[in-house]
Amino acid sequence: KAAPTYTQTAIRHEDIYEPIDFELTELIRPDKTVSLKGATITTVRGVETKRESVLVWRNDVESPVTRGINNLSNTCYLNSVLQVLLNTPCVHYVVRGGDALKMKTNPKVNLNNVIKELVSIARSKTMTPSYLVNNLHALDRKFTRGRQQDAHEFYLLFMNNVSDAITNHFKGKLKSQVICPKNHISETEEEFLNTSLTIHNSGSLKNSINAFFAPSAKIKGYKCDGCKRETEIVKKYVPYVNPNVLVLHLTRFDRTGRKIQSHVPFETELAFNGDDYALYGTVEHLGSTINFGHYIAHVHGANGIWYRVS
């Protein structure tokens, strides 16, 4: 039987959803528009990447989108992140490639087996990640079953404990610079799995990104190695190595736990440090505070259609 052909197409978001199965995966109709208040935006590098790359879907994928994940008592934060990861081409192809996924330092919870099992069934039947939910506390004690958690924190916990064969696709590098008035520059490299952006009064995603890389306010009392004395400096980040998959975290909660409701417009394509990225997934928090609400995901299927997963 010939493998189905899926064509990447550019469509608009919508505010009307058509249910397509009982697990609450929903097809988004392409004739309406919607404004998503995404908590986490995930994009893949190379809009025009060749089809044989692991960064885009090939003709061999058996279904354009994953099935649902059962909610095991307040696990919407976990389900939403997993849905985006399972609809990430490089995660699918790395796991299905047959290469052994090396363990990381913590053997208490084998996330490599978790992701392999989920990828193997994700496009054919409903998933129930009981082992993962029951053992997350072994990686971080605050992740106890039955308690709502932060999706962004779960993403970092998962990526820091799964095989580097997967993580490396999400990993980039920044240069952190300290600059004095005489332009002496002290520079260090930092790896990142996501970029956390301030969104209050930013007006757009691009403005938030520009603000992240803008120089800080002047800081007094810093001892400059070049000047050999105390002086004022500014700090800034400079993009260095772009990840294959760029994860942008919109910081929607202030220090008191109050949610920042600012609207942040974003496009389905993003130019970032010389690379073009195509949007394929979002994780969105619905609710007014950090302690209350519901997480959902939107994923771009291999057939070019957007799906809402709740």
Side-chain angles (χ1 to χ4, degrees), residues 17 23-26 36-43 65-88 91 106 108-109 111 114-115 117-119 122 126-162 166-167 170 192-197 199 245-261 264 279-300 306-310:
Y17 304 102
E23 292 102 5
L24 295 182
T25 298
E26 299 172 302
L36 299 177
K37 292 186 177 180
T40 303
I41 300 173
T42 314
T43 62
V65 70
T66 54
R67 299 295 295 269
I69 303 177
N70 285 319
N71 193 317
L72 302 178
S73 182
N74 291 325
T75 56
C76 58
Y77 72 93
L78 177 148
N79 292 1
S80 298
V81 173
L82 288 179
Q83 283 286 7
V84 175
L85 290 177
L86 293 170
N87 283 282
T88 303
V91 173
N106 192 331
K108 295 179 180 179
V109 184
L111 295 188
V114 170
I115 196 68
E117 179 183 2
L118 291 175
V119 166
T126 306
M127 296 163 278
T128 305
S130 299
Y131 171 82
L132 176 61
V133 172
N134 291 335
N135 290 279
L136 271 181
H137 66 279
L139 299 177
D140 188 324
R141 293 182 64 181
K142 72 179 179 181
F143 280 85
T144 56
R145 180 163 182 167
R147 293 185 59 184
Q148 177 67 284
Q149 302 291 347
D150 182 74
H152 175 240
E153 291 183 2
F154 169 73
Y155 161 76
L156 292 176
L157 181 68
F158 190 91
M159 297 304 285
N160 284 321
N161 287 279
V162 77
I166 294 173
T167 304
F170 295 77
F192 67 92
L193 286 168
N194 70 267
T195 302
S196 292
L197 304 175
I199 62 171
V245 181
L246 177 65
V247 179
L248 301 176
H249 169 231
L250 309 187
T251 308
R252 285 216 168 265
F253 299 104
D254 62 18
R255 294 180 180 179
T256 67
R258 182 181 63 88
K259 187 172 181 179
I260 301 170
Q261 299 285 358
V264 183
L279 180 70
Y280 76 93
T282 68
V283 173
E284 181 181 3
H285 178 266
L286 307 177
S288 57
T289 70
I290 196 170
N291 296 315
F292 175 80
H294 178 56
Y295 282 101
I296 64 172
H298 291 82
V299 295
H300 193 236
W306 281 94
Y307 296 84
R308 181 178 189 262
V309 188
S310 176

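For reference, positions follow the sequence shown, starting with 1.
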Would you say [X]'s side chain and [Y]'s backbone share a donor-acceptor pair under 3.5 angstrom?
X      : Y      : answer
Ser80  : Tyr295 : yes
Thr251 : Leu197 : yes
Arg67  : Ala122 : no
Thr167 : Met159 : yes

Between [X] and [Y], what is the shortest heavy-atom contact and its length?
X      : Y      : answer
Val114 : Tyr131 : CG2-CD2, 3.5 Å
Ala151 : Val81  : O-CG2, 3.6 Å
Ile199 : Val264 : CB-CG2, 3.8 Å
Val299 : Gln83  : CG1-O, 3.9 Å
Ser288 : Lys259 : O-CB, 3.1 Å
Val84  : Gly281 : CG1-CA, 4.3 Å

Looking at Phe253 versus His285, is the centre-to-centre ring distance below 6.0 Å? yes

Side-chain heavy atoms of [X] within contact of [Y], under 4.5 Å:
X      : Y      : result
Leu111 : Leu132 : yes
Ile69  : Pro129 : yes
Tyr280 : Thr88  : yes
Leu82  : Met127 : no
Val283 : Tyr155 : no
Phe158 : Leu139 : no
Thr128 : Leu72  : yes
Leu86  : Ile115 : yes

Kindly determine whether Val65 and Asn87 satisfy side-chain contact (heavy atoms from CB on, under 4.5 Å), including the steps that lead there. CA-CA 7 Å; Val65 70; Asn87 283 282; 3.7 Å; yes

Measure the spacing between [atom1] of [X] and [atom2] of [Y] and express it to the nearest 0.5 Å.
X      : Y      : atom1 : atom2 : answer
Tyr77  : Gln149 : OH    : CD    : 5.0 Å
Asn74  : Asn79  : CG    : CG    : 11.0 Å
Leu193 : Leu246 : CG    : CG    : 11.5 Å

Do Leu118 and Thr66 pass the side-chain contact (heavy atoms from CB on, under 4.5 Å) test, and can you show the C-alpha distance, the side-chain angles, and the key distance before you say yes or no? CA-CA 10 Å; Leu118 291 175; Thr66 54; over 6 Å; no

Sequence neighbours excluded, every pair satisfying salt bridge (charged side-chain N to carboxylate O under 4.0 Å, His left out) that has a member inside residues 129-152: Lys142-Glu153

Is the ring pair Trp306/His300 parallel, tilted or perpendicular, if the boundaries are 30 and 60 degrees? tilted

Just jot down the side-chain hydrogen bond (donor to acceptor under 3.5 Å, both in side chains) partners of Asn71, sequence neighbours excluded, or say none. Thr75

After noting the C-alpha distance and the side-chain angles of Leu78 and Leu136, does the key distance pass the side-chain contact (heavy atoms from CB on, under 4.5 Å) rule? CA-CA 10 Å; Leu78 177 148; Leu136 271 181; 3.6 Å; yes

Can Glu284 and Leu286 be said to form a side-chain contact (heavy atoms from CB on, under 4.5 Å), step by step? CA-CA 6 Å; Glu284 181 181 3; Leu286 307 177; 3.6 Å; yes

Neighbour count above 12 (heavy atom, 6.0 Å) for Gln148 CD: yes

